[in-house]
Amino acid sequence: MHEPQAPQRDVTDPMRLNLLPPSPLEYFTSLVQSDAELPLLEAVVSLAQDEYPDLDLEHSLSVVDKMQSRLRKRNAQNGSVLERIHQLNQFFYGELGFALNTNDYYDPDNSYLHHVLETRRGIPISIGVLWLELARSIGLDVYGVSFPGHFMLKVLLAQGQVILDPLTGKSFSSQELTHQLQAQIPRLSLYNEETMPLGLFLQSASPREILTRMLRNLKEIFRVQQDGARQLAVMERLVILLPKDWIERRDRGLAYEAVGRTQEAMVDFQSYLDFSREALDATEIAQKLQALKNQA
C-alpha cells in the first residue's frame with residue numbers, strides 16, 4: 001500500500017518567493033527609497049554589483065568598519081576639529097596610502113569601492129566617500145561638495161567651513177577655488193574674487209546627489225567606450241535613483257532602442273513626452289516613438 005504523497009508546494013506561493021534574495025536592482029531600490037535614511041556607503045559599494053555579481057558587500061563594509069575602529073583607537077575623536085582632520089589625513093593618506101589612480105583615471109574600477117579599498121587608488125569622489133565615512137566616525141561635521149570638475153570635501157567649523165581636496169586632504173583657499181571654477185565655467189571669468197558666486201558651488205551634496213554623480217561618471221565612461229550593455233545597466237540605476245528626472249528616462253529609452261528592446265523604449269519615450277512636452281527634442285522623440293509603434 002502506497003503512503004499518500006504530501007501535496008506539492010505551489011511555486012507561486014508568495015512566502016516562497018520572499019525567500020529568494022533580491023536582485024542587485026531590487027537591493028539598490030531598497031537602499032535609495034528614503035533621502036533621510038539613505039546609507040551612502042552601502043549604496044556606493046552596491047554600484048559594483050552589475051560588474052561583479054558575486055561581490056561580497058559585507059566584506060567591504062567590514063573593511064571600512066575596521067578602518068574606523070583603528071582610527072578611533074588613536075583617540076582621533078578627541079582634540080579640536082583641525083587636530084582631528086590632521087590625524088585623519090595622516091592615517092588615510094599616509095598610513096593607508098589612498099591616492100589618485102594616475103595610471104588609468106577612466107578605469108570604471110575607480111568608481112567601485114571594493115576595488116578602491118583593495119588597491120587604495122581611485123578618483124576624487126570614490127576616495128572622498130571613504131574619507132567622509134572615516135571623518136564622521138570621529139565626530140567631524142563633514143559633507144561632500146559636487147564642485148564642477150572635481151568632487152570636494154567640506155568640514156564645518158565654529159567660525160565657518162574649510163574645503164578640502166579628497167586626493168590629498170589639503171585645504172583650498174578662496175582664490176584657488178575661484179580659479180578652478182573659472183576654468184570649468186568660462187563665463188564666470190567676468191567675476192572677480194570678491195563678486196564670484198562661489199557659495200553657490202559649495203553647497204553640501206546629499207547622498208542621492210553623490211550617487212548620481214558617481215553613476216553619471218560611469219555612464220559617460222561607458223558611452224565613450226561604446227559599451228551599450230554596461231551603459232544601460234548604469235542607466236537602470238539612474239532611473240531608480242532619480243525617478244522624476246525625465247532626461248535620464250529619455251536616455252534609457254534611447255539605450256533600449258539601440259539594443260532592440262522596443263517595448264521598454266516606447267514606455268520611456270512616452271514618459272519623457274508626458275512630462276517634457278516643451279523640451280527641444282520633444283518632436284524628435286515623438287517621431288522615434290511613432291516609428292517604434294509602427295514596427296510593433
Flag side-chain contact, heavy atom, 4.5 Å: Leu47 against Ser111: no
Contacts of Phe98 that satisfy ring pair (Phe, Tyr, Trp, His ring centres under 6.0 Å) - sequence neighbours left out: Phe92
Asp165 and His150: side chain donor to acceptor below 3.5 Å: yes
Flag, side chain of Gln184 to backbone of Gln180, donor-acceptor distance under 3.5 Å: no
Within 6.0 Å of CG in Leu200, more than 12 heavy atoms from elsewhere: yes
Test: Arg136 and Asp141 ion pair at under 4.0 Å: no
Pairwise distance NE2(His114) to CD(Gln49) - rounded to 0.5 angstrom: 10.5 Å
Pairing residues for Tyr52 by the side chain to side chain donor-acceptor pair (under 3.5 Å) criterion, not counting sequence neighbours: Asp109
Reported CG-to-CG distance for the pair Asn294 and Leu289, which is rounded to 0.5 angstrom: 9.5 Å
Close side-chain approach of Arg250 and Ser276, heavy atoms under 4.5 Å: no
Straight-line distance of Leu113 CG to Glu118 CD, nearest 0.5 Å: 10.5 Å
Lys288: partners by salt bridge (charged side-chain N to carboxylate O under 4.0 Å, His left out), with sequence neighbours left out: Glu257
Val239-Met214 co-clustered via ILVMFWY side chain contacts under 4.5 Å: no
ring-ring contact (aromatic ring centres under 6.0 Å, His included) between Tyr272 and Trp246, intermediate numbers included: CA-CA 5 Å; Tyr272 178 68; Trp246 307 113; 8.4 Å; no
Whether Asp281 side chain and Glu284 backbone form a donor-acceptor pair below 3.5 Å: no
Side-chain donor-acceptor pair present, Asn89, Trp131, cut-off under 3.5 Å: yes
Check: residues 216-224 side-chain donor-acceptor pairs under 3.5 Å, at least two apart:
from: Arg216; atom 1: NE; to: Glu248; atom 2: OE2; distance (Å): 2.8
from: Arg216; atom 1: NH2; to: Asp245; atom 2: OD2; distance (Å): 2.9
from: Arg216; atom 1: NH2; to: Glu248; atom 2: OE2; distance (Å): 3.1
from: Asn217; atom 1: ND2; to: Arg213; atom 2: O; distance (Å): 3.4
from: Lys219; atom 1: NZ; to: Glu248; atom 2: OE1; distance (Å): 2.9
from: Lys219; atom 1: NZ; to: Asp251; atom 2: OD2; distance (Å): 2.7
from: Glu220; atom 1: OE1; to: Arg223; atom 2: NE; distance (Å): 2.9
from: Glu220; atom 1: OE2; to: Arg223; atom 2: NE; distance (Å): 3.4
from: Glu220; atom 1: OE2; to: Arg223; atom 2: NH2; distance (Å): 2.7

Any Leu292 side-chain heavy atom under 4.5 Å of Gln263 side chain: no
Close side-chain approach of Gln161 and Ile163, heavy atoms under 4.5 Å: yes
Distance in Å, Ile85 CD1 paired with Leu157 CG, rounded so as to fall on 0.5 Å steps: 6.0 Å
Give every donor-acceptor pair under 3.5 Å between a side-chain atom in residues 58-71 and any protein atom, sequence neighbours left out.
from: Gln68; atom 1: NE2; to: Glu133; atom 2: O; distance (Å): 3.0
from: Arg70; atom 1: NH2; to: Glu95; atom 2: OE2; distance (Å): 2.5

ILVMFWY cluster, Met152 and Leu140 together (side-chain gap under 4.5 Å): no
Any donor-acceptor N/O pair, Gln231 side chain to Gly228 backbone, under 3.5 Å: no
Close side-chain approach of Leu153 and Val142, heavy atoms under 4.5 Å: no
Shared hydrophobic cluster for Val129 and Phe28 (ILVMFWY, side-chain gaps under 4.5 Å): yes
Main-chain N/O of Asp104 paired with Asn101 side-chain donor or acceptor, under 3.5 Å: yes
Nearest non-hydrogen partners of Ser46 and Leu31, listed with the distance: OG-CD1, 4.0 Å
Smallest separation among heavy atoms of Tyr93 and Pro166, with atom names: OH-O, 2.7 Å
Connected via hydrophobic side-chain network under 4.5 Å: Ile127 and Phe147: no
Minimum heavy-atom distance Ser126-Val116, with the two atoms named: OG-CG2, 3.8 Å
For Leu273 against Ala286, the heavy-atom pair lying closest together: CD1-CA, 3.7 Å
Donor-acceptor contact present, side-chain Ser206 to main-chain Glu209, <3.5 Å: yes
Nearest-0.5 Å distance, OG of residue Ser271 to CZ of residue Arg252: 8.0 Å
Check: Leu241 main-chain N/O paired with Arg208 side-chain donor or acceptor under 3.5 Å: yes
Non-neighbouring partners of Glu83 that pass side chain to side chain contact (heavy atoms under 4.5 Å, CB included), sequence neighbours left out: Ser80
Residues Tyr106, Ile123; criterion side chain to side chain contact (heavy atoms under 4.5 Å, CB included); working and verdict: CA-CA 9 Å; Tyr106 295 103; Ile123 54 176; over 6 Å; no
Asn78 CG to Arg72 CZ distance, which is reported to the nearest 0.5 Å: 12.5 Å
Test item: Leu25 and Glu236 side chains (from C-beta on) under 4.5 Å apart, heavy atoms: yes
Beyond-backbone contact of Pro108 with Gln225, side-chain heavy atoms, under 4.5 angstrom: yes
Donor-acceptor pair, side chain of Arg84 and main chain of Gly79, under 3.5 angstrom: yes
Min side-chain heavy-atom separation Asp268-Leu254 under 4.5 Å: no
Check against side chain to side chain contact (heavy atoms under 4.5 Å, CB included), Asp50 and Val234: CA-CA 8 Å; Asp50 295 322; Val234 172; 5.7 Å; no
Check: Val267 main-chain N/O paired with Gln270 side-chain donor or acceptor under 3.5 Å: no
CA sep, side-chain torsions, deciding dist, call: Val32, Arg237, side chain to side chain contact (heavy atoms under 4.5 Å, CB included): CA-CA 10 Å; Val32 302; Arg237 290 179 180 266; over 6 Å; no
From CA spacing to verdict: side chain to side chain contact (heavy atoms under 4.5 Å, CB included), Leu100, Thr168: CA-CA 9 Å; Leu100 176 70; Thr168 62; over 6 Å; no
Verify same cluster id: Leu82, Leu132 (apolar side-chain graph, 4.5 Å): yes
Residue pair Leu202 / Val145: nearest heavy atoms and the distance that separates them: CA-CG1, 3.7 Å
N/O donor-acceptor pair under 3.5 Å between Gln33 side chain and Thr29 backbone: yes
Nearest non-hydrogen partners of Leu164 and Phe172, listed with the distance: C-CE1, 3.8 Å
